[in-house]
There are 2 protein chains.
Amino acid sequence: MTDSPRRRGRPGHDQGAVLAAAVRLFNARGYEATSMGDLAEELGITKSSIYHHVSSKQDLLRMAVDHALDGLQEAADEAAAMPAPPVERLELLIRRSVLVLADRLEFVTLLLRVRGNNGVEKEALNRRRILDAQVTELVKQSQLDGDLRADVDPATAARLMFGMVNSLAEWYRPRRGGATALADAVVTMAFEGLRTRKV
Amino acid sequence: MTDSPRRRGRPGHDQGAVLAAAVRLFNARGYEATSMGDLAEELGITKSSIYHHVSSKQDLLRMAVDHALDGLQEAADEAAAMPAPPVERLELLIRRSVLVLADRLEFVTLLLRVRGNNGVEKEALNRRRILDAQVTELVKQSQLDGDLRADVDPATAARLMFGMVNSLAEWYRPRRGGATALADAVVTMAFEGLRTRKV
DNA sequence: GTCTATATTTTGATAGAC
DNA sequence: GTCTATCAAAATATAGAC
């Protein structure tokens, strides 16, 4: 269990190591602003060596955003499969999304900065749109059930909720148990609001 | 009032026109991914001509983010000068910030994408941090007054609130009166929450 | 798995004419 | 205010040796 194949001695870098370094640099300097030379320097190898592990710079971007999207998709599927009212499935989706964001922080951060400037980015935006629609639908159903206030447009509510969730990528830094507490804070604010109830 | 100086005939482009086109492109493709050649093509002039209006690419970025930051700073100053309890000053700050974001949408959008990759960006991040601290302080005071729930960390609450506000840059598109309605939605969600009150 | 060497393109910016 | 011409640096990527 400890040793996976192709992991003896010190055989130089593998694709995972290259990807991890790339994602770190892409987030720090921006995808476009990061050159393959920068990445090579970070890894301590030459530019050409990188092309032994990946076929292009876009390939690195694709692997990274796919990892983020797969995690978020799992969260959405899990919430959809839950045998409970929409408002509870929505809460679960928010909590799970916060946990995925915390767990795959660097990958999700990169995903959230994608703007559709190339084929890889366009495809990522498409997958994000599908997830977005699922959230909006949950809000809509919750309003029909009378569980969420109907005076806020469902799409707007969904976007504001995930505006909060996604903003975590800008400032959250891993701490023990921090993600669960953060999920609580997001759910509290989204569902109950911050104002104290009149005594 | 209608004619400002230096605006007769058709004397080619001025700095404002170059800046507007630059901000549009920076948002669409990213600052680093946009070349001075792209900008020249967008304007229908050559690269060299751009340097008649601005001294560098960073200069364009600096003018853009300063315009955004000046607007947000005004909103914060106005809220701070309001003779009212902290919780009301906080609500005003949120509303004013939404309106500034809507009014200077492209400039604020660019500002929010800045990561500190050069001197201009570092300076912008510094000014943002100061604004952030002002919001956190308002939340803290509101909690001490018993107006906001004390079981959420003030800095976290402030970041989540402005996570919502800032997320508008990702999807808000101008409509008549839309910004005020949006400010209502943000304030409602942040202060009252989306869940319906028990009858 | 990493290297040197190289091809090709694009970049931000300047000089100086009109 | 815009142009042509030009530059030096940096970019992504490939070929082929070790």
Side-chain angles (χ1 to χ4, degrees), chain A residues 3-26 28-65 110 114 117-121, chain B residues 3-65 110 114 117-122:
Chain A
D3 285 5
S4 54
R6 293 168 180 278
R7 253 335 179 86
R8 315 162 291 252
R10 212 203 134 272
H13 302 84
D14 61 3
Q15 198 184 62
V18 174
L19 180 59
V23 171
R24 198 167 350 111
L25 286 184
F26 290 168
R29 315 182 186 183
Y31 170 71
E32 291 283 349
T34 302
S35 72
M36 296 299 261
D38 295 332
L39 179 55
E41 191 178 12
E42 173 84 2
L43 288 164
I45 58 179
T46 60
K47 278 196 291 178
S48 352
S49 299
I50 295 175
Y51 290 92
H52 179 77
H53 303 285
V54 298
S55 64
S56 69
K57 193 181 167 187
Q58 268 198 40
D59 197 39
L60 283 166
L61 182 61
R62 185 185 50 70
M63 291 188 287
V65 297
L110 185 58
V114 148
N117 296 312
N118 55 51
V120 170
E121 298 194 357
Chain B
D3 285 7
S4 54
R6 292 168 181 277
R7 258 325 179 91
R8 315 162 290 253
R10 211 204 132 272
H13 302 83
D14 61 4
Q15 198 184 64
V18 174
L19 180 59
V23 171
R24 196 164 354 107
L25 286 184
F26 291 167
N27 281 331
R29 315 183 187 182
Y31 171 70
E32 291 282 349
T34 303
S35 71
M36 296 299 263
D38 294 333
L39 179 54
E41 190 179 13
E42 173 85 1
L43 289 165
I45 59 180
T46 60
K47 275 197 294 178
S48 349
S49 299
I50 295 175
Y51 290 91
H52 179 76
H53 303 286
V54 298
S55 64
S56 71
K57 194 181 166 185
Q58 267 198 41
D59 197 39
L60 283 165
L61 183 63
R62 185 186 49 72
M63 289 188 288
V65 298
L110 185 58
V114 147
N117 297 312
N118 55 51
V120 171
E121 298 194 357
K122 284 196 217 313

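Since the structure is predicted, the reported quantities are computational estimates derived from the model, not experimental observations. Within every chain, numbering begins at 1; the chains are lettered A, B, ... in the order of the sequence lines, protein sequences first and strands thereafter.
Residues satisfying the side-chain contact (heavy atoms from CB on, under 4.5 Å) criterion with B/A22, sequence neighbours excluded, are B/F26, B/L39, B/L60. Under the side-chain hydrogen bond (donor to acceptor under 3.5 Å, both in side chains) criterion, A/E42 pairs with A/R24, sequence neighbours left out. Partners of A/S56 under the side-chain contact (heavy atoms from CB on, under 4.5 Å) rule, at least two apart in sequence or in another chain, are A/Q58, A/D59. Applying the side-chain hydrogen bond (donor to acceptor under 3.5 Å, both in side chains) criterion to B/T46, with sequence neighbours excluded, gives B/S49. Applying the side-chain hydrogen bond (donor to acceptor under 3.5 Å, both in side chains) test to B/N118 and every residue at least two apart in sequence or in another chain returns nothing. Not counting sequence neighbours, A/S48 has no partner by the side-chain hydrogen bond (donor to acceptor under 3.5 Å, both in side chains) test. Residues satisfying the side-chain contact (heavy atoms from CB on, under 4.5 Å) test with A/N117, not counting sequence neighbours, are A/R115, A/E121, B/R29.
At whole-Å resolution of the value, CG in B/D59 and C1' in C/dA13 are 13 Å apart. What separates NE2 of A/H52 from P of C/dT2 is a distance of 7 Å, to the nearest Å. Spacing between atom CD of A/Q15 and atom P of C/dG1 amounts to 10 Å, rounded to whole angstrom units. The distance from atom CD1 of B/I50 to atom P of D/dC3 is 10 Å, rounded to the nearest whole Å.
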Nucleotide-resolved protein contact map, nucleotides 5-18 of chain D, B/S/- at heavy-atom distance under 4.0 Å: B-----SBBBB---
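For the helix from C/dG1-D/dC18 to C/dC18-D/dG1, the terminal axes (five pairs an end, C1' atoms, rotation from four pairs onto the next four) enclose an angle of 10°, given to 10 degrees.
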